[in-house]
Trainee: 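Can you read through this structure? Questions will come right after.
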Amino acid sequence: MTQEERQLPGPPGRGPSDAVRRLRREAAEIRAEVRAAPRRTVVAESLVCALAAAFGLIPLLLIPPDRPVLAVLEALWAVLLVAARRGRPVAAVLGAFPLLMGANVWVLAVVPLIVLSATRRIAPPRRAWRIVGMTCAALGGLTVAAGLFRWETLPMKLAENAVSAVLLLLLPTLAGTMLGRRRPLVDLLRERNAYLEQTRALTAAAARLEERTRIAREMHDLLGHRLSLISVHAGALELAAARQAPPLAGQVELLRTTAGTAMEELREILGVLRHADLSDETGGDRGTYEDITALVTQSRQTGGGSVELVWSVPDTVEVGARVRQAIHRVVREGLTNVLKHASGAPVLVEVKGTDAGIEVYVTNGAPRVPGDSQGGTSSGLAGLEERISLLGGTFGAGALPDGGFRVTAWLPSQPSHTTNGPVPSPSEADAAPFSHAPRPPSGDGDTWRPGSNPPLSAQTLTWPRVLGAGCTAVLVVLPTAGFLIVLLVMAALG
């Protein structure tokens with residue numbers, strides 16, 4: 001061999017150094033998985049491994065085997081397979097066949113648990129059956145290799161190991177694949193039920209909102225206009241009756257006041273129909289001194305300008321939750337408009353408490369850069385006007401002579417519906433469309449993630465089938481349990 005030939009590298013993936021690197025990489029991956037696993041899972045797996053070690057080692061002290069060293073090694077190997085069944089299920093199933101021929105009969109009780117737990121994590125099921133078939137073939141080959149020197153006992157050994165393979169490998173695999181199919185079905189069924197419940201709730205809420213909006217629109221368009229005409233004509237008729245027919249003045253006044261009362265009741269009904277969220281708001285900490293101070297501080301930090309707060313609401317004034325919510329909305333909308341249209345301008349926020357109610361002012365100076373406005377549709381101010389009108393208050397917003405802008409609002413301490421201001425026009429409430437996440441095409445993947453597979457048929461997603469898979473899996477392992485009990489009793493008596 002020449003010097004050049006000796007320096008040529010060998011095939012990739014071969015040699016002792018590559019094997020060491022693989023072992024180190026595998027150990028690093030195992031440590032990373034253990035660190036990433038929840039603490040509860042780590043504790044539970046540690047207890048399971050400890051129980052497997054105790055079940056395989058403690059009986060050896062009471063009934064010493066013929067080959068104690070080999071029996072201890074088998075018990076430790078079983079513990080290693082128990083630990084590997086979750087992260088390395090294929091390796092756990094393939095490594096279980098030596099335990100069926102070992103000298104430690106007590107570890108046979110661990111084999112079906114390893115196979116059942118590992119095969120339920122192998123997908124698709126036919127892959128699990130291929131792995132178990134390879135395990136049975138390895139068991140048969142090892143049995144023949146061990147019986148080469150004792151041909152007279154080979155048929156009996158093959159028969160015994162065949163029975164062990166059926167009861168300790170094939171039946172647990174059947175139960176494991178059933179449970180493996182049942183688990184994604186249950187998860188998918190729960191996910192679909194939650195999705196349907198959420199869809200039903202959203203559909204009902206959207207239908208209610210649409211119907212409320214339609215009724216409010218019809219009532220406003222039909223009744224509002226008619227009642228307004230009646231109120232105007234009744235007022236004119238009252239003035240005419242006072243001059244020309246004084247005896248009829250009382251009836252005409254009653255007509256006018258009745259029309260006004262009907263208008264007020266109509267406004268209340270429209271407020272309930274179109275702003276049902278107002279009746280559900282509890283206010284919480286909105287509109288308090290701490291809340292407004294937080295808004296001012298946030299605006300000062302965002303805009304970089306001077307934002308001052310003047311709070312003069314006595315503690316003795318009782319402010320309703322809906323009024324506090326409206327105060328929060330006014331201040332927030334005013335500060336937002338300053339940031340959009342006059343960023344950096346000085347701002348003064350005033351909240352004053354009077355005997356009549358609460359006064360709120362948000363005043364800003366002229367913008368530093370003229371024309372530096374992001375534009376807008378004034379929908380926020382229109383919404384504030386509607387909200388405050390529904391509470392019985394007044395609202396105003398407009399430019400100042402010095403180039404600034406002011407938002408003003410007066411609110412009663414306790415919300416009430418009055419006839420101040422025009423009848424608010426109903427707004428269209430668009431229900432949010434339901435978004436259906438696209439599902440990937442069907443395929444035979446080795447893993448299952450909730451919500452990732454295409455929807456199964458309705459016949460498959462039924463509770464009798466889901467529960468039946470679990471019950472059948474339990475019935476399948478009953479022969480295995482009986483076989484193990486017989487083996488362990490015979491080992492204890494022998």
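Just so it is clear, the model here is predicted, and its values are computed rather than measured.
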Trainee: Could you grab the distance from atom OG1 of Thr173 to atom CD1 of Ile131, nearest 0.5 Å is fine?
Mentor: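 Here the interatomic distance stands at 10.5 Å.
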Trainee: Could you give me the CA-CA distance, side-chain angles and deciding distance for Ile358 and Lys352, then say whether side-chain contact (heavy atoms from CB on, under 4.5 Å) is met?
Mentor: CA-CA 6 Å; Ile358 306 297; Lys352 301 179 181 179; over 6 Å; no
Trainee: Under the side-chain contact (heavy atoms from CB on, under 4.5 Å) criterion, do Arg86 and Thr41 qualify, and how do the steps go?
Mentor: CA-CA 11 Å; Arg86 292 175 62 94; Thr41 303; 3.8 Å; yes
Trainee: Determine the minimum heavy-atom distance between Ala397 and Leu381, stating which atoms define it.
Mentor: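 Result for this residue pair: CB-CD1, 4.2 Å.
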Trainee: Looking only at atom types and distance, does a side-chain atom of Arg121 sit under 3.5 Å from a main-chain N or O of Pro89, one as donor and one as acceptor?
Mentor: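 Not confirmed, Arg121 side chain does not pair with Pro89 backbone.
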Trainee: Return each pair, listed once, that meets salt bridge (Lys or Arg N to Asp or Glu O under 4.0 Å) where at least one residue sits in residues 228-237; pairs must be two or more places apart or across chains.
Mentor: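 Listed once each, the pairs would be none.
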Trainee: From Leu80 CG over to Arg88 CZ, what is the distance, rounded to the nearest 0.5 angstrom?
Mentor: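 These two atoms lie 11.5 Å from each other.
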Trainee: Answer yes when Glu45 and Arg85 have at least one side-chain N-carboxylate O distance shorter than 4.0 Å, and no when they do not.
Mentor: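 Counted as a salt bridge, because a side-chain N and a carboxylate O are separated by less than 4.0 Å.
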Trainee: Roughly how far apart are Phe405 CZ and Asn337 CG, rounded to 0.5 Å?
Mentor: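 Phe405 CZ to Asn337 CG: 7.0 Å, rounded to 0.5 Å.
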Trainee: As a quick check of understanding, evaluate side chain to side chain donor-acceptor pair (under 3.5 Å) for Tyr361 and Glu359, giving each step before the final call.
Mentor: CA-CA 7 Å; Tyr361 304 92; Glu359 297 177 357; 3.0 Å; yes
Trainee: Please assess Tyr289 against Val351 for the test side-chain contact (heavy atoms from CB on, under 4.5 Å), listing each intermediate value before the final yes or no.
Mentor: CA-CA 9 Å; Tyr289 175 75; Val351 182; over 6 Å; no
Trainee: Between CZ of Arg406 and OG1 of Thr363, what distance do you get to the nearest 0.5 Å?
Mentor: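 Reported value, rounded in 0.5 Å steps: 3.5 Å.
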Trainee: Main chain of Gly95, side chain of Trp77: is a donor-acceptor contact present, judged purely on distance under 3.5 Å?
Mentor: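 Here the side-chain-to-backbone pair exists.
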Trainee: Main chain of Leu113, side chain of Ser117: is a donor-acceptor contact present, judged purely on distance under 3.5 Å?
Mentor: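 Looks like no, no N/O pair under 3.5 Å.
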Trainee: To the nearest 0.5 Å, how far apart are CZ in Arg329 and CZ in Arg322?
Mentor: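 Separation between the atoms: 12.5 Å.
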Trainee: Working to the nearest 0.5 angstrom, can you tell me the gap between Thr394 OG1 and Leu411 CG?
Mentor: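 Going from the OG1 atom of Thr394 to the CG atom of Leu411 covers 7.5 Å.
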Trainee: Is Arg208 salt-bridged to Glu211, going by a charged N under 4.0 Å from an acidic O?
Mentor: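 Salt bridge between Arg208 and Glu211, a charged N being under 4.0 Å from a carboxylate O: no.
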